[in-house]
Amino acid sequence: MKVLVIGSGGREHALVWKLRESPRVEKIWCAPGNAGIAEEAECVSVDPADTAALIELAEKRRPDLTVVGPELPLVNGIGDAFRSRRLPILGPSQIAAQLEGSKIFAKEFLQRHSIPTAQMYGTYESAEEACAALAEVKWPLVIKADGLCAGKGVLVATEEGEARDFIERVMVRKELGTGGKRILFEEALSGEELSFILLTDGERYAPLVPTRDHKRVFDGNQGPNTGGMGAYSTDELLSPELRNTIESSIVAPTLGGLADDGIRYSGFLYIGLMLTAEGPKVLEFNCRLGDPETQAILARVDFDLAGVLTDVAARRLNPESLRWKPGASVCVVIASGGYPGKFEKGKPIEGLTGLEPLNGVKVLHAGTQRVGESLVTSGGRVLGVTAVGGTLEEALVLAYRRVEQIHFEGMHYRKDIGVQAGRARSAGN
Ligand code: AMP
């Protein structure tokens, strides 16, 4: 079996790592990949934003399966383009990917199917219209840019001045590009946040093991938001009762609603939830796996990932075939100095080779590049040290032991990944 993976981060390295463990996989290409992926797959320099180039690549190499990491190619319609050319692909169609690609589409979908979510005040196409509507809302107010905004499109505003400033930046100065052409207002929900991620072929689905990520840059959830500084997974993160509630009140009407709308969803579906006093409510959908949650989730895979993903692409998922390692997993992200603000690239990375391998530990690459003989940094998030263990403590000890062997100038990482385990998740993390 030949597989094409699209993307270049830690999430895609984790996919390549686990796909490669399948006995049926003989070849993996990754477009464009990174220096760590290049040791396990053939990297092809094709931009994930360039659908035509991805089609050309796949028509030439004829992969038996394509797995898409990031949202952009899915929102651009790669799912339909590949399927119409009989190229098996794991990922939703362009219309289904609108659940992530348009917050307004997602909100209208949720309302149409009576799925619990924050109440919307309205949608706006200009700054004047939006500012006028501010007179009618309660505070805090949630403002969401409609399109893809690389995680910068949502503001929980506490007062009018802050809201006006965001509206001006998004709709007048267009700081978020076309993603900010339309915006919506909705009520602010309070509670703990939880993500529920599942794999579906449109008819059947299987939940993945629960994970929690750490979005703030510094220990104790301090500092600005990042793409994610780490994640962990234990079964205790989700009680059987809560899981049942989420499956009956959110997952069933979501998949049913998609089917009613004539949309057959296939691929990963990430449901961001707020656990409110009235029960779980949907904050957002993502049409793909998260990064770094994927690293923690896939570390616990105890099944043939290539086989299961092929079954999903062929619309014959057997949910029983997903088996997970008991215990826990963790991913600690090592970032460049300055990240998530400005950072320098090209710092040589030491401690990746020539060491005794640690059982249960895998160093996944995100922003790395090979320059001659050495590996250097090439992004904000550089590495994701991932470990599995019988308990969360075991996994943490292993991961941090490996983290401490790695060095590059300016590197930083959180020392409290998984420390919140068993405690309530605070908002914003
Ligand atoms: P989203 O991309 O829609 O999940 O929004 C990003 C983050 O904004 C979420 O993870 C929440 O922390 C916050 N958020 C989004 N919608 C709401 C809401 N209605 N009430 C409170 N917080 C929200």
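Whatever order the structure lists ligands and atoms in, that order sets their numbers, starting from 1.
Sparse packing is recorded around NZ of K181, with 12 or fewer heavy atoms of other residues, nucleotides or ligands lying under 6.0 Å away. The local environment of CD in E56 is sparse, with at most 12 non-hydrogen atoms from other residues, nucleotides or ligands closer than 6.0 Å.
For ligand 1, the atoms sitting less than 4.0 Å from at least one non-hydrogen atom of A118 are 19 (N), numbered in the order shown with element in parentheses. Here is the list of ligand 1 atoms found below 4.0 Å of a heavy atom in A188: 20 (N).
At a 4.0 Å cut-off, not a single heavy atom of G272 sits close enough to ligand 1 to count as contact.
The closest non-hydrogen atom to atom 12 (O) of ligand 1, taken over E193, E100, E186, M120, comes from E193. If you check each of K152, K103, M274 against atom 2 (O) of ligand 1, the one with the closest non-hydrogen atom is K103. Which of K144, E284, K281 comes nearest to atom 16 (N) of ligand 1 through a heavy atom is settled by distance: it is K144.
Proximity of V142 to ligand 1, defined as any heavy-atom pair under 4.0 Å, is confined to the side chain (atoms from C-beta onward).
In this view, R204 and D201 satisfy the side chain to side chain donor-acceptor pair (under 3.5 Å) rule, not counting sequence neighbours.
Checking only distances, V156 never comes within under 3.5 Å of ligand 1, N or O to N or O.
Ring geometry for F285 against F109 counts as perpendicular: the plane angle is over 60°, on a 0 to 90° scale with 30° as the lower cut.
Taking 4.5 Å as the limit, some side-chain heavy atom of K103 sits within range of a side-chain heavy atom of V154.
Test R401, H407, R402 against Q405 for side-chain hydrogen bond (donor to acceptor under 3.5 Å, both in side chains) and you get one pass: R402.
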